[in-house]
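Have a look at the structure below, then the notes.
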Amino acid sequence: MLATGGTVVAASKLVEQLEAKVVAYSFLISLDFLNGRDRLTSFCPHTFSLASF
């Protein structure tokens, strides 16, 4: 689930510390009214959700 994006941002920073690159994010549910997707674009512009609310 993608809500505010805080956990995913932290995980993305850890991935970058390992000198790897995030190529896409995938979620079952996205709560779009919390704007979490906007926080992820600095790491990777490709974010997919099966259902958005």
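Below, all heavy atoms of this structure are taken into account, side chains as well, without hydrogens, waters or symmetry copies.
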I need the minimum non-hydrogen distance between Ser49 and Ser30, along with the two atoms involved. OG-CB, 3.1 Å
Just grab all the salt bridge (charged side-chain N to carboxylate O under 4.0 Å, His left out) pairs involving residues 36-50, residues at least two apart or on different chains. Asp32-Arg37
Other ILVMFWY residues reachable from Phe48 by side-chain steps of under 4.5 Å: none
If you look at every heavy atom in Tyr25 and Phe43, which pair is closest and at what distance? OH-CB, 3.2 Å
CG (Leu28) with more than 12 external heavy atoms under 6.0 Å: no
Is there side-chain contact between Val9 and Leu40, with heavy atoms separated by less than 4.5 Å? yes
Is Val23 linked to Leu18 within one hydrophobic cluster, defined over Ile, Leu, Val, Met, Phe, Trp and Tyr using a side-chain heavy-atom separation of less than 4.5 Å? no
Under the salt bridge (charged side-chain N to carboxylate O under 4.0 Å, His left out) definition, can you give me all pairs with a residue in residues 5-31, not counting sequence neighbours? none
The side chain to side chain contact (heavy atoms under 4.5 Å, CB included) partners of Ala3 (sequence neighbours excluded) come to Leu31, Leu34
Once side chain to side chain contact (heavy atoms under 4.5 Å, CB included) is applied, do any residues pair with Val15, and if so which ones, sequence neighbours excluded? Ala20, Val22
Val8 versus Phe27: any side-chain heavy-atom pair under 4.5 Å? yes
